[in-house]
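A short worksheet on the structure shown next.
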Amino acid sequence: MMKFASQLTKKYNIPTLASLNTIMVDGTGMCGSCRITMENQTKFVCADGPEFDAHKIDFEEILTRMGTYKDYETTAYQEYIDKQKS
């Protein structure tokens with residue numbers, strides 16, 4: 001949603017902030033799990049954000065990274081459901 005809102009507001013030169021909720025492990029930026037790219041610069045959501053200029057964010061990278069653990073999450077959820085049934 002933020003990606004498309006950003007694209008629309010950029011078209012009309014409306015300043016826009018995006019509040020990001022990425023996977024965070026340690027909250028200090030040391031682990032790098034919340035890493036994002038803004039205009040070819042690396043930022044860490046936990047330490048540098050969570051609000052950023054939406055027009056500078058590489059949303060494609062974020063969407064790809066968010067899917068990194070999808071298979072593990074699906075498996076863990078299914079195991080949890082199966083355990084609840086037994």
Side-chain angles (χ1 to χ4, degrees):
M1 178 179 79
M2 286 186 281
K3 173 185 172 180
F4 294 106
S6 173
Q7 289 174 346
L8 180 63
T9 59
K10 187 173 186 175
K11 182 176 167 181
Y12 296 102
N13 292 322
I14 300 170
T16 305
L17 290 177
S19 182
L20 302 179
N21 296 319
T22 60
I23 294 172
M24 293 187 210
V25 176
D26 66 4
T28 66
M30 295 294 291
C31 71
S33 66
C34 67
R35 181 181 71 246
I36 63 167
T37 302
M38 291 182 54
E39 294 186 326
N40 298 318
Q41 289 187 337
T42 299
K43 299 287 183 181
F44 299 96
V45 174
C46 68
D48 299 318
E51 285 86 25
F52 298 93
D53 182 337
H55 301 153
K56 297 178 180 178
I57 297 171
D58 182 347
F59 282 105
E60 292 305 317
E61 178 189 54
I62 290 174
L63 292 170
T64 299
R65 288 176 58 90
M66 286 178 64
T68 301
Y69 300 105
K70 186 174 176 75
D71 292 338
Y72 297 108
E73 291 168 348
T74 301
T75 301
Y77 178 69
Q78 190 58 53
E79 289 173 2
Y80 170 77
I81 294 298
D82 293 344
K83 195 173 195 178
Q84 296 300 313
K85 291 180 182 177
S86 53

If you look at every heavy atom in [X] and [Y], which pair is closest and at what distance?
X   : Y   : value
T42 : R35 : CG2-CG, 3.3 Å
F52 : F44 : CZ-O, 4.2 Å
E51 : S19 : OE2-OG, 3.5 Å
M2  : A18 : SD-CB, 3.7 Å

Distance (rounded to the nearest 0.5 Å) between [X] [atom1] and [Y] [atom2]:
X   : Y   : atom1 : atom2 : answer
Q7  : T16 : CD    : OG1   : 11.5 Å
E61 : I36 : CD    : CD1   : 8.0 Å
K3  : L8  : NZ    : CG    : 14.0 Å
L17 : H55 : CG    : NE2   : 9.5 Å
S6  : K56 : OG    : NZ    : 11.5 Å
I62 : L20 : CD1   : CG    : 4.5 Å

- Apart from Y80 itself, residues in the same hydrophobic cluster as defined by side-chain heavy atoms under 4.5 Å: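 In the cluster with Y80 are Y77, I81.
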- Query: More than 12 non-hydrogen atoms from neighbouring residues, nucleotides or ligands closer than 6.0 Å to CG on D71, yes or no?
  - Reply: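 No.
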- Query: Transitively linked via ILVMFWY side-chain contacts under 4.5 Å: M38 with M66?
  - Reply: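 Yes.
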- Item | T68 side chain vs R65 backbone, donor-acceptor pair below 3.5 Å |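 Such a contact is found between T68 side chain and R65 backbone.
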